[in-house]
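So the structure is just underneath, and the comments pick up after that.
For this chain, numbers begin at 1 and follow the sequence in order. Just so you know, these numbers come straight off a predicted model, no measurement behind them.
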Amino acid sequence: MGDDKNPHAGHRDRMKERYIVNGFEGFSDHEILEILLYYCYSPRLDTNKVAHRMIEQFGSLHNLFDAGVNEIVERCKVTKHVAVMVSMVPQLARSYNLSKWRKRARLTTSKQSGEYCKSLFLGEVNECMYVICLNHQRYIIHTEKVSEGSLTQTMVYPRLIVQTALTHKAVAIILAHNHPGGALTASKSDIDLTQLIIKALDAIDITIDDHIIIAGESYLSFSEKRLLPYWY
(Lines give C-alpha, C1' and ligand atoms only; values in the text may rest on other atoms or scores of the structure.)
Protein backbone atom coordinates (compact mmCIF):
# COMPACT_ATOMS: atom_id res chain seq x y z
CA MET A 1 0.00 0.00 0.00
CA GLY A 2 2.90 2.37 0.74
CA ASP A 3 3.93 2.37 -2.93
CA ASP A 4 0.58 3.93 -3.86
CA LYS A 5 1.13 7.00 -1.69
CA ASN A 6 1.68 10.21 -3.62
CA PRO A 7 5.29 11.30 -2.87
CA HIS A 8 4.57 14.94 -3.81
CA ALA A 9 1.34 15.44 -1.85
CA GLY A 10 3.05 16.81 1.27
CA HIS A 11 5.20 19.20 -0.74
CA ARG A 12 2.23 20.55 -2.70
CA ASP A 13 0.23 21.07 0.49
CA ARG A 14 3.11 22.98 2.10
CA MET A 15 3.52 25.20 -0.96
CA LYS A 16 -0.18 26.00 -0.99
CA GLU A 17 -0.11 26.86 2.72
CA ARG A 18 2.81 29.24 2.10
CA TYR A 19 0.75 30.95 -0.57
CA ILE A 20 -2.37 31.16 1.63
CA VAL A 21 -0.39 32.83 4.42
CA ASN A 22 1.86 35.22 2.46
CA GLY A 23 0.73 35.24 -1.16
CA PHE A 24 3.70 34.95 -3.50
CA GLU A 25 6.00 36.97 -1.25
CA GLY A 26 9.25 35.06 -0.78
CA PHE A 27 8.57 32.72 -3.70
CA SER A 28 11.14 32.36 -6.46
CA ASP A 29 10.04 32.52 -10.09
CA HIS A 30 10.17 28.77 -10.54
CA GLU A 31 8.13 28.20 -7.35
CA ILE A 32 5.37 30.53 -8.59
CA LEU A 33 5.24 28.65 -11.87
CA GLU A 34 5.40 25.33 -10.04
CA ILE A 35 2.20 26.14 -8.15
CA LEU A 36 0.40 27.20 -11.32
CA LEU A 37 1.38 23.93 -12.95
CA TYR A 38 -0.27 21.95 -10.14
CA TYR A 39 -3.55 22.65 -11.91
CA CYS A 40 -2.35 21.20 -15.21
CA TYR A 41 -0.62 18.03 -14.12
CA SER A 42 -1.37 14.89 -12.13
CA PRO A 43 -0.55 15.16 -8.40
CA ARG A 44 2.10 12.48 -8.97
CA LEU A 45 4.17 14.66 -11.31
CA ASP A 46 7.01 16.79 -9.94
CA THR A 47 6.08 20.18 -11.46
CA ASN A 48 9.20 21.76 -9.93
CA LYS A 49 11.31 20.16 -12.66
CA VAL A 50 8.90 21.30 -15.38
CA ALA A 51 8.90 24.86 -13.99
CA HIS A 52 12.72 25.00 -13.97
CA ARG A 53 12.84 23.78 -17.57
CA MET A 54 10.30 26.32 -18.77
CA ILE A 55 12.00 29.29 -17.11
CA GLU A 56 15.41 28.17 -18.37
CA GLN A 57 14.00 28.27 -21.91
CA PHE A 58 12.81 31.88 -21.61
CA GLY A 59 15.18 33.31 -19.04
CA SER A 60 12.50 34.78 -16.76
CA LEU A 61 8.91 34.41 -15.68
CA HIS A 62 8.11 37.68 -17.45
CA ASN A 63 9.41 36.46 -20.81
CA LEU A 64 7.57 33.16 -20.43
CA PHE A 65 4.23 34.81 -19.63
CA ASP A 66 4.60 37.15 -22.61
CA ALA A 67 5.34 34.35 -25.07
CA GLY A 68 2.78 32.96 -27.49
CA VAL A 69 1.10 29.60 -26.99
CA ASN A 70 2.81 27.88 -29.93
CA GLU A 71 6.23 29.15 -28.87
CA ILE A 72 5.75 27.81 -25.33
CA VAL A 73 4.69 24.40 -26.67
CA GLU A 74 7.67 24.18 -29.02
CA ARG A 75 10.40 25.43 -26.72
CA CYS A 76 9.23 23.90 -23.43
CA LYS A 77 7.91 20.60 -24.80
CA VAL A 78 4.63 20.95 -22.93
CA THR A 79 1.04 20.40 -24.02
CA LYS A 80 -1.10 23.11 -25.55
CA HIS A 81 -3.26 22.95 -22.42
CA VAL A 82 -0.27 23.97 -20.26
CA ALA A 83 0.84 26.67 -22.70
CA VAL A 84 -2.63 28.25 -22.84
CA MET A 85 -2.83 28.40 -19.04
CA VAL A 86 0.60 30.05 -18.76
CA SER A 87 -0.13 32.60 -21.49
CA MET A 88 -3.38 33.54 -19.75
CA VAL A 89 -1.62 35.00 -16.70
CA PRO A 90 -0.89 38.55 -17.98
CA GLN A 91 -4.27 38.70 -19.71
CA LEU A 92 -6.02 37.72 -16.46
CA ALA A 93 -4.03 40.41 -14.62
CA ARG A 94 -5.05 42.97 -17.24
CA SER A 95 -8.73 42.00 -17.01
CA TYR A 96 -8.58 42.13 -13.21
CA ASN A 97 -7.09 45.63 -13.23
CA LEU A 98 -9.54 46.98 -15.77
CA SER A 99 -12.45 45.52 -13.80
CA LYS A 100 -11.15 47.15 -10.61
CA TRP A 101 -10.76 50.51 -12.32
CA ARG A 102 -14.31 50.51 -13.65
CA LYS A 103 -15.56 51.06 -10.11
CA ARG A 104 -13.58 54.29 -9.65
CA ALA A 105 -12.85 55.33 -13.17
CA ARG A 106 -12.39 59.07 -12.72
CA LEU A 107 -9.09 60.52 -13.91
CA THR A 108 -8.42 63.96 -12.45
CA THR A 109 -4.65 63.73 -11.85
CA SER A 110 -1.67 62.54 -13.85
CA LYS A 111 -0.96 59.88 -11.22
CA GLN A 112 -4.47 58.43 -11.61
CA SER A 113 -4.10 58.50 -15.38
CA GLY A 114 -0.70 56.81 -15.22
CA GLU A 115 -1.95 54.02 -12.96
CA TYR A 116 -4.99 53.41 -15.16
CA CYS A 117 -2.86 53.35 -18.29
CA LYS A 118 -0.45 50.83 -16.76
CA SER A 119 -3.40 48.46 -16.42
CA LEU A 120 -4.19 48.86 -20.12
CA PHE A 121 -0.80 47.61 -21.23
CA LEU A 122 -0.45 44.51 -19.05
CA GLY A 123 0.35 41.65 -21.40
CA GLU A 124 0.99 43.94 -24.41
CA VAL A 125 4.23 43.01 -26.18
CA ASN A 126 3.80 45.32 -29.20
CA GLU A 127 3.68 49.08 -29.26
CA CYS A 128 0.10 50.32 -29.43
CA MET A 129 -2.02 53.36 -28.63
CA TYR A 130 -5.24 53.80 -26.67
CA VAL A 131 -7.67 56.70 -26.56
CA ILE A 132 -9.44 57.27 -23.25
CA CYS A 133 -12.63 59.30 -23.66
CA LEU A 134 -13.75 61.46 -20.72
CA ASN A 135 -16.87 63.44 -19.84
CA HIS A 136 -17.06 66.87 -18.14
CA GLN A 137 -16.39 65.36 -14.70
CA ARG A 138 -13.44 63.38 -16.12
CA TYR A 139 -15.10 60.02 -15.71
CA ILE A 140 -14.06 57.46 -18.32
CA ILE A 141 -16.85 56.88 -20.80
CA HIS A 142 -14.90 54.74 -23.27
CA THR A 143 -11.42 53.30 -23.81
CA GLU A 144 -10.35 52.04 -27.20
CA LYS A 145 -7.18 50.70 -28.81
CA VAL A 146 -6.74 52.72 -31.99
CA SER A 147 -3.52 51.25 -33.32
CA GLU A 148 -1.09 48.38 -32.84
CA GLY A 149 2.27 47.80 -34.44
CA SER A 150 5.52 45.95 -33.91
CA LEU A 151 7.79 45.74 -30.88
CA THR A 152 9.23 49.15 -31.71
CA GLN A 153 6.65 51.21 -33.57
CA THR A 154 2.99 51.70 -34.36
CA MET A 155 1.14 53.67 -37.03
CA VAL A 156 -1.29 56.21 -35.60
CA TYR A 157 -4.00 57.90 -37.64
CA PRO A 158 -5.19 61.19 -36.08
CA ARG A 159 -8.46 60.91 -38.01
CA LEU A 160 -9.31 57.68 -36.17
CA ILE A 161 -8.62 59.35 -32.82
CA VAL A 162 -10.90 62.25 -33.70
CA GLN A 163 -13.59 59.85 -34.90
CA THR A 164 -13.38 57.83 -31.65
CA ALA A 165 -13.71 60.99 -29.52
CA LEU A 166 -16.71 62.19 -31.53
CA THR A 167 -18.45 58.82 -31.57
CA HIS A 168 -18.36 58.60 -27.78
CA LYS A 169 -19.17 62.28 -27.22
CA ALA A 170 -15.97 62.95 -25.33
CA VAL A 171 -15.31 66.36 -23.81
CA ALA A 172 -11.66 65.47 -23.33
CA ILE A 173 -9.36 62.55 -24.07
CA ILE A 174 -6.16 61.05 -22.76
CA LEU A 175 -3.76 59.44 -25.20
CA ALA A 176 -1.73 56.46 -24.02
CA HIS A 177 0.91 54.39 -25.73
CA ASN A 178 3.65 52.04 -24.60
CA HIS A 179 7.35 51.61 -25.21
CA PRO A 180 7.89 47.82 -24.96
CA GLY A 181 11.66 48.34 -25.17
CA GLY A 182 11.58 50.15 -21.85
CA ALA A 183 12.69 53.68 -22.85
CA LEU A 184 10.64 56.06 -20.72
CA THR A 185 11.15 59.14 -22.88
CA ALA A 186 8.99 61.19 -25.22
CA SER A 187 10.53 61.13 -28.68
CA LYS A 188 10.23 63.97 -31.16
CA SER A 189 7.70 61.92 -33.12
CA ASP A 190 5.64 61.40 -29.92
CA ILE A 191 5.59 65.16 -29.32
CA ASP A 192 4.86 66.03 -32.96
CA LEU A 193 1.99 63.53 -33.10
CA THR A 194 0.49 64.94 -29.91
CA GLN A 195 0.62 68.47 -31.32
CA LEU A 196 -1.06 67.27 -34.52
CA ILE A 197 -3.89 65.60 -32.62
CA ILE A 198 -4.34 68.66 -30.37
CA LYS A 199 -4.87 70.84 -33.45
CA ALA A 200 -7.33 68.38 -34.96
CA LEU A 201 -9.37 68.16 -31.74
CA ASP A 202 -9.22 71.87 -31.01
CA ALA A 203 -11.35 72.50 -34.09
CA ILE A 204 -14.18 70.45 -32.54
CA ASP A 205 -13.72 71.75 -28.98
CA ILE A 206 -12.26 68.57 -27.47
CA THR A 207 -9.17 68.86 -25.27
CA ILE A 208 -6.31 66.48 -24.52
CA ASP A 209 -5.85 66.20 -20.77
CA ASP A 210 -2.66 64.18 -21.03
CA HIS A 211 -0.54 61.84 -23.09
CA ILE A 212 0.80 58.94 -21.05
CA ILE A 213 3.74 56.78 -22.11
CA ILE A 214 4.10 53.42 -20.36
CA ALA A 215 7.38 51.52 -20.05
CA GLY A 216 7.26 48.51 -17.76
CA GLU A 217 5.91 49.57 -14.38
CA SER A 218 6.63 53.27 -14.95
CA TYR A 219 4.86 56.06 -16.78
CA LEU A 220 5.67 59.46 -18.26
CA SER A 221 3.03 62.17 -18.29
CA PHE A 222 3.14 64.93 -20.92
CA SER A 223 1.19 67.09 -18.50
CA GLU A 224 3.71 66.62 -15.69
CA LYS A 225 6.64 67.20 -18.05
CA ARG A 226 4.96 70.34 -19.47
CA LEU A 227 4.99 68.90 -22.97
CA LEU A 228 1.45 70.07 -23.74
CA PRO A 229 0.87 73.60 -25.07
CA TYR A 230 0.91 76.30 -22.40
CA TRP A 231 -2.87 76.89 -22.61
CA TYR A 232 -3.45 73.32 -21.42
Side-chain angles (χ1 to χ4, degrees), residues 90-91 93-181 183-216 218-232:
Q91 297 301 325
R94 180 172 179 268
S95 296
Y96 162 76
N97 276 284
L98 290 176
S99 175
K100 184 169 67 173
W101 270 99
R102 287 190 193 106
K103 297 179 181 178
R104 49 188 174 88
R106 190 183 185 201
L107 306 181
T108 58
T109 68
S110 296
K111 183 177 180 180
Q112 290 172 337
S113 300
E115 291 301 317
Y116 175 72
C117 290
K118 282 196 290 185
S119 72
L120 291 176
F121 293 99
L122 280 170
E124 292 282 8
V125 295
N126 292 328
E127 185 168 326
C128 54
M129 177 168 280
Y130 283 85
V131 173
I132 304 161
C133 298
L134 308 171
N135 65 12
H136 281 288
Q137 290 77 36
R138 275 19 185 198
Y139 282 97
I140 298 172
I141 53 180
H142 182 72
T143 299
E144 184 170 325
K145 184 190 289 186
V146 292
S147 66
E148 182 170 7
S150 66
L151 286 170
T152 57
Q153 63 181 353
T154 182
M155 185 70 71
V156 179
Y157 298 98
R159 181 175 59 189
L160 182 55
I161 292 171
V162 171
Q163 180 182 329
T164 301
L166 283 173
T167 298
H168 298 282
K169 299 179 173 59
V171 170
I173 68 166
I174 294 172
L175 297 173
H177 80 277
N178 61 331
H179 286 174
L184 193 62
T185 56
S187 67
K188 184 178 183 302
S189 62
D190 292 334
I191 296 170
D192 290 345
L193 174 64
T194 306
Q195 299 288 347
L196 183 63
I197 295 170
I198 284 172
K199 290 179 181 178
L201 290 173
D202 191 51
I204 53 176
D205 201 27
I206 297 174
T207 61
I208 293 184
D209 279 6
D210 212 337
H211 185 163
I212 302 290
I213 297 175
I214 300 296
S218 302
Y219 74 88
L220 179 148
S221 159
F222 273 49
S223 177
E224 289 179 353
K225 296 294 184 181
R226 300 182 183 275
L227 293 173
L228 296 177
Y230 72 90
W231 60 85
Y232 276 70

Salt bridge (charged side-chain N to carboxylate O under 4.0 Å, His left out) contacts touching residues 130-139 (sequence neighbours left out): R138-D209
Measuring from Q112:CD to E115:CD, what's the distance to the nearest 0.5 Å? 9.5 Å
Give the minimum heavy-atom separation between K111 and Y219, together with the two atoms involved. CA-OH, 3.3 Å
Around atom CG of D205, are there more than 12 heavy atoms from other residues, nucleotides or ligands closer than 6.0 Å? no
Spacing of CD1 belonging to I212 relative to CD1 belonging to I132, to within rounding of 0.5 Å: 7.5 Å
Are any of the side-chain heavy atoms of I161 and S147 separated by less than 4.5 Å? no
Check whether any side-chain heavy atom of L120 sits under 4.5 Å from a side-chain heavy atom of I214, and report yes or no. no
What closest approach, in Å, do Y130 and E124 show between heavy atoms, and which atom pair accounts for it? OH-OE2, 3.1 Å
Could you tell me the separation between the CG atom of L166 and the CD1 atom of I204, rounded to the nearest 0.5 Å? 4.0 Å
Contact list for residues 187-215, test ring pair (Phe, Tyr, Trp, His ring centres under 6.0 Å), sequence neighbours left out: H177-H211, H211-F222
Non-hydrogen side-chain atoms of I197 and I208 separated by less than 4.5 Å: yes
Please report the C-alpha distance between K225 and I213 in whole Å, then the side-chain angles of each, then the deciding distance to 0.1 Å, and finally whether the side chain to side chain contact (heavy atoms under 4.5 Å, CB included) criterion is met. CA-CA 12 Å; K225 296 294 184 181; I213 297 175; over 6 Å; no
Within this structure, what is the OG-CD1 distance for the pair S113 and I174, rounded to the nearest 0.5 Å? 3.5 Å
Working to the nearest 0.5 Å, report the span between OG of S95 and CG of L122. 9.5 Å
CG/L196 to CG/L201 distance, rounded to the nearest 0.5 angstrom? 9.5 Å
Would you indicate whether the side-chain heavy atoms of I140 and L134 approach each other to under 4.5 Å? yes
Is a side-chain donor or acceptor of N178 paired with a backbone partner of C128 at a separation under 3.5 angstrom? yes
Check whether any side-chain heavy atom of Y157 sits under 4.5 Å from a side-chain heavy atom of Q163, and report yes or no. no
Please name the pair of heavy atoms, one in S223 and one in D210, separated by the smallest distance, quoted to 0.1 Å. N-OD1, 2.9 Å
When every non-hydrogen atom of L160 is compared with those of V146, the smallest separation belongs to CD2-O, 3.2 Å
Side chain to side chain contact (heavy atoms under 4.5 Å, CB included), that's the test. Do I206 and V171 meet it? Break it down for me. CA-CA 5 Å; I206 297 174; V171 170; over 6 Å; no
Between T143 and Y116, is a side chain to side chain contact (heavy atoms under 4.5 Å, CB included) present by the stated rule, with each step listed? CA-CA 11 Å; T143 299; Y116 175 72; 2.8 Å; yes
Check the pair L220 / S218 against side chain to side chain contact (heavy atoms under 4.5 Å, CB included), numbers first and verdict last. CA-CA 7 Å; L220 179 148; S218 302; over 6 Å; no
Only counting residues at least two apart or in another chain, list the ones meeting side chain to side chain donor-acceptor pair (under 3.5 Å) with E144. H142
Does the side chain of S189 pick up a donor-acceptor pair with the side chain of S187 at under 3.5 Å? yes
